[in-house]
Amino acid sequence: MKGLVPLFLGIFGTFAFSWLGLTVIPTWQIGHLNPESDEEGTDIYPQPQSGMFERGAHVYAANGCVYCHSEQVRADYAANDIERGWGNRRSAPVDYIFERPVFLGKMRMGQDLANLGARAPAQQESPAPGGAASPAASPGSSATSPAPAASSASSPAAAGGSPAASSSPNATPPLGQRTGVASPSSSQMANASPGGSSPIAPTPQTPGAPWPIQTEGLPPMYSAAWHHVHLYSPRSINFDSNMPSYRFLYEKRRIAGERSADALQLSGADAPLAGWEVVPTYDAKCLVAYLMALNQSHPLKGIRSVGGAPAAGASPATAAQGASPGPAAAASPAAAKK
Amino acid sequence: MNATGIPLKEPAVSAAAGDTEQVERAYIDASTRVPVLMFYTSAIGWLILGTLLAGFVSWKLHSPDLLGDISFLTWGRVRPAHMNVMVYGWASMAGMGTAIWLMARLCRTVLRFPLLLVAGAAFWNLGVLVGVCAILLGDSTGYQWLEFPRYSSIILFVAYALIASWAVLMFRYRRGEQIYITQWYLLGAFLWFPWLYAAGQLMLFVVPVQGVLQSAVGWWYSNNLLFLWFGAIALGTAYYMIPKVIGRPVYSYHLATIGFWTYALFSSWTGMQRLVDGPFPAWMITASIAATILAMIPVATVGLNHHMTMQGYFPLMRYSPTLRFTVFGAMSYTVFSVVGVLISLRSVARYVHFTEASIAYSHLGLYAFFTMVIFGSMYYIVPRLVGREWRYASLIKLHFWAAAYGIGLMTLMLLAGGFLQGADMQNPALPFSESIETALPYLRGRSLAGLLMAAAHFIFAYHFGLMLLGLGRTSTVPTFLNPVEAEPSGGH
């Protein structure tokens with residue numbers, strides 16, 4: 001090739017073409033969206049988020065949550081995201097207009113989080129900072145002593161001590177056990193939270209269930225307190241989770257006088273020594289506030305929502321369990337993932 | 001017939017041109033010595049660091065409690081640190097080192113203004129160091145390959161401005177009218193990178209675009225970085241090294257022209273296919289899928305060109321380390337592109353989206369293609385800078401086989417694991433956790449593959465260190481991988 005001019009022009013031109021086509025034109029097309037509202041101008045969605053949300057988003061970015069979790073629900077013709085209970089409609093550009101950075105994600109080593117906040121038990125829906133003690137647990141009791149009364153059907157996997165957990169490294173038997181336990185407990189789930197809109201109430205366990213459903217002191221699933229326990233010790237909730245624990249976001253300290261209200265309700269090996277407690281740092285509170293504000297369940301014009309049910313998901317079972325199982329036969333609390 | 005009779009070192013044309021050209025070339029090589037070695041040494045330092053981080057990342061994925069309580073060693077920080085060390089520390093610095101050497105050679109002039117380059121390399125190192133520390137301390141921006149916070153990006157940009165201004169100055173001093181194929185690619189890379197980087201920074205951090213478009217800009221940036229920066233440097237290098245080592249001109253200049261322009265046109269439009277079924281207008285994703293398919297045109301022309309150039313000379317890969325690495329890399333370009341098309345097609349993407357398969361894709365591009373070509377160029381260039389030949393043929397062979405088997409195994413593991421993971425994820429009868437459990441054995445296999453690659457890198461770094469210390473062989477004959485027999489199978 002002779003002559004620099006055509007070379008320069010070509011190099012410039014090809015790249016300008018791509019830049020215009022893939023960034024400038026889309027900005028012109030969907031880069032200036034406004035929130036949607038109904039005819040009266042009320043019920044505006046989405047709305048700008050709080051300062052805690054923003055800081056939480058930075059904690060989310062800093063600790064690389066985005067490398068394992070997506071925040072987008074694909075349409076039902078493309079994927080079974082909705083069937084999994086990750087949302088009741090596909091995500092749309094307008095869902096993200098107030099988010100910066102946007103964490104659409106590219107990997108699902110963990111569950112999709114687009115509607116994580118929508119799965120919270122109803123009375124906890126407002127992101128109570130610091131995971132204020134869950135109603136089920138008695139805050140006064142020391143963390144080492146389990147609170148059996150706090151039984152929540154939704155606590156899925158056994159903590160280290162349970163026999164099932166110790167046999168779990170072998171992949172096949174647990175699967176069998178899960179199937180064995182599936183029907184009673186998933187119907188239990190269904191009873192517990194129809195449509196996901198009612199609080200997950202303590203449900204008496206099915207007598208004689210082969211699976212010792214772990215009930216020790218765990219707060220209701222997807223409540224702020226539950227998120228804190230999960231972030232602190234993911235494997236106390238799902239024994240085979242490969243999520244890292246984020247203990248550096250928590251502070252272990254000696255109880256000075258009264259046990260603080262936002263101390264984590266830990267059990268088993270994670271529980272601090274008597275006289276000590278684990279409390280979330282401000283970053284952890286912001287992160288949980290962020291997670292609990294993720295909610296795309298608001299209907300949008302032109303996008304079909306499944307079932308019209310509020311919040312979490314297509315079927316009660318998936319709503320209660322946070323998405324894991326599909327048809328009831330395969331469902332089991334043990335299989336439910338964070 | 002002795003070894004010098006085999007045209008492994010200089011092309012046949014140089015014999016006619018006579019000794020002056022040889023001497024001139026030696027002068028040029030000597031003038032590039034300090035800057036290029038500086039780039040290479042830094043790059044290999046980053047490579048070792050990045051390898052350690054990679055091993056850590058890979059291991060923690062299936063053993064999540066390993067050192068998990070320390071904030072700066074948490075998986076979500078080490079992973080972007082690894083990526084950025086590899087992308088900006090290793091790949092960019094090694095690529096720029098090779099590009100600088102090639103520019104000096106192809107402009108046929110001694111390297112002027114070396115201080116610009118030395119300062120550029122120093123600033124670049126500083127920028128990467130600051131950025132990686134920032135990521136580990138929790139100041140990542142959260143955008144893939146743009147995780148460096150703004151203060152570190154500014155240092156990188158200053159460094160880059162120094163290096164690019166050097167390239168422009170060098171081009172003014174060039175001799176000869178002809179602009180060789182390699183120079184098209186290098187000029188392209190040197191001009192595309194700043195625009196890309198500036199556009200990415202501006203549209204994400206300075207005047208951020210709204211909502212989901214940030215993700216679009218992010219993918220546009222990282223895919224173009226892969227193609228127009230790394231890919232362009234690697235293709236340019238391959239266009240130089242293959243003809244040079246076998247001593248034969250490029251098969252077709254016309255093919256090369258077609259290949260270059262279609263490469264610039266189509267590969268720059270890819271990227272959005274990684275957002276398949278996301279909250280975007282469908283045309284954006286479709287356009288990128290189409291561009292990915294159209295990008296097979298440059299693959300075909302470049303591949304054909306290299307193949308026809310190599311025709312009859314493939315047995316030389318038995319002897320020349322440069323050729324072996326470069327041809328491996330050039331072939332991986334084809335594999336990389338074919339895999340890229342396969343995982344982009346909507347029907348397949350629905351299965352492999354959100355799985356490990358995308359990691360296989362980026363490793364194919366950045367390692368099997370780019371890094372292997374750059375290793376090849378280092379095996380060619382370093383002896384010409386330090387005046388010694390590589391000391392141990394056995395170490396080069398070990399390096400090659402460990403790297404080749406390592407990346408091959410890693411790709412297979414991630415692709416297979418990704419497909420199975422995706423199939424489980426798409427099966428609503430299975431709980432989500434099944435998809436992770438399905439992928440875990442493959443991730444353990446990936447860790448093993450990573451061990452092989454780590455071994456390759458340590459061997460290479462050791463060998464390079466020997467060369468740097470002047471402990472290479474003093475010889476007029478380059479180090480061949482195998483003893484050259486009396487009648488080499490090349491038949492020439």
Side-chain angles (χ1 to χ4, degrees), chain A residues 1-2 7 10-11 14-15 18-19 21-23 26-27 29-33 61-67 70 72 74-75 78-80 83-84 91-93 95-97 99-104 106-109 111 171 240 242-248 323-327 330 335-337, chain B residues 60-62 64 68-71 74-77 79-80 138-143 177 179 184 187-188 191-192 195 199 203 208-217 220 257 261 264-265 268-269 271-272 274 277-281 284 287 350 354 358 425-426 428-433 436-437:
Chain A
M1 195 182 303
K2 298 218 173 173
L7 186 61
I11 287 173
T14 48
F15 191 75
S18 150
W19 180 67
L22 289 183
T23 71
T27 304
Q29 191 184 359
I30 57 165
H32 305 282
L33 298 175
N63 293 298
C65 309
V66 68
Y67 301 110
S70 58
Q72 53 174 311
R74 292 177 284 174
N80 61 12
E83 199 171 343
R84 280 199 184 282
S91 301
D95 286 322
Y96 302 88
I97 55 176
E99 289 184 31
R100 192 164 83 81
V102 163
F103 302 109
L104 284 185
K106 60 162 203 164
M107 176 69 85
R108 280 181 182 162
M109 284 307 280
Q111 305 240 3
D240 53 358
N242 66 339
M243 176 172 139
S245 71
Y246 293 91
R247 297 190 177 205
F248 53 89
S324 35
K337 286 295 160 186
Chain B
K60 275 173 79 98
L61 202 52
H62 46 78
D69 296 348
I70 308 164
S71 65
T74 191
W75 191 84
R77 295 190 190 180
R79 189 197 135 122
D139 209 5
S140 155
T141 65
Y143 293 103
E177 269 304 295
I179 306 173
W184 312 342
L187 263 186
L191 294 174
W192 284 321
W195 190 350
M203 299 180 88
V209 289
Q210 193 193 38
V212 287
L213 287 171
Q214 296 164 38
S215 284
V217 171
W220 175 79
T257 316
W261 290 119
L265 193 60
S268 63
W269 265 76
M272 301 302 140
R274 312 290 283 271
D277 296 325
F280 292 91
M284 287 168 70
R350 277 168 192 165
F354 299 126
S358 67
M425 220 188 285
Q426 282 295 70
L430 290 174
F432 174 76
S433 57
I436 307 298
E437 268 161 45

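Within every chain, numbering begins at 1; the chains are lettered A, B, ... in the order of the sequence lines, protein sequences first and strands thereafter.
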Value for CZ (A:R84) from CZ (B:F432), rounded to nearest 0.5 Å, stands at 7.5 Å

Do you know which of A:S245, A:A61, A:A75 has the most heavy-atom pairs with chain B at a distance under 4.5 angstrom? A:A61

Measuring only between side-chain heavy atoms, which start at C-beta, is B:P279 closer than 4.5 Å to A:Q72? yes

Between A:T23 and B:V209, is the side chain to side chain contact (heavy atoms under 4.5 Å, CB included) condition met? List the steps. CA-CA 9 Å; A:T23 71; B:V209 289; over 6 Å; no

Could you tell me whether the side chain of A:I30 reaches within less than 4.5 Å of the side chain of B:V212, counting heavy atoms only? yes

In this structure, CG of B:L213 is separated from NE2 of A:H32 (nearest 0.5 Å) by 8.5 Å

Rounded to the nearest 0.5 Å, what's the gap from CH2 on B:W75 to SG on A:C65? Could you check? 10.5 Å

Sub-4.5 Å side-chain heavy-atom contact between B:F354 and A:R74: yes

Check whether any side-chain heavy atom of B:M203 lies under 4.5 Å from a side-chain heavy atom of A:W19, and answer yes or no. yes

Tell me, for B:W220 versus chain A, whether the close heavy atoms (under 4.5 Å) come from the side chain, the backbone, both or neither. side chain

Within the structure provided, determine whether B:H62 and A:N242 are in side-chain contact (heavy-atom separation under 4.5 Å). no

Which portion of B:L191 sits near chain A, non-hydrogen atoms under 4.5 angstrom: side chain

Less than 4.5 Å to any heavy atom of chain A: does that hold for the side chain of B:R79, its backbone, both, or neither? side chain

What I'd like to find out is whether the side chain of B:W192 reaches to under 4.5 Å of the side chain of A:T14, using heavy atoms alone. yes

Segment of A:A92 engaging chain B (4.5 angstrom heavy-atom cut-off): backbone

So OG of B:S268 and CG of A:L22: to nearest 0.5 Å the spacing works out to 7.5 Å

Correct closest heavy-atom pair for A:A62 and B:G138 would be CB-O, 3.3 Å

When every non-hydrogen atom of B:W261 is compared with those of A:L7, the smallest separation belongs to CH2-O, 3.7 Å

Report yes if the side chains of B:D69 and A:F248 come closer than 4.5 Å at any heavy-atom pair, otherwise no. no

Toward chain A, the part of B:Q426 with a non-hydrogen atom under 4.5 Å: both

CG-CG distance between A:N80 and B:L430, expressed to the nearest 0.5 angstrom: 10.0 Å

Could you check if a side-chain atom of A:P26 sits within less than 4.5 angstrom of a side-chain atom of B:F280, using non-hydrogen atoms only? no

Atom group of B:L61 that falls short of 4.5 Å from chain A, counting heavy atoms: both

Would you compute the distance between atom CD of A:E99 and atom CD of B:Q210 and round it to the nearest 0.5 angstrom? 11.5 Å

Largest heavy-atom contact set with chain B, pairs under 4.5 Å, which of A:S91, A:P101, A:P244: A:P101

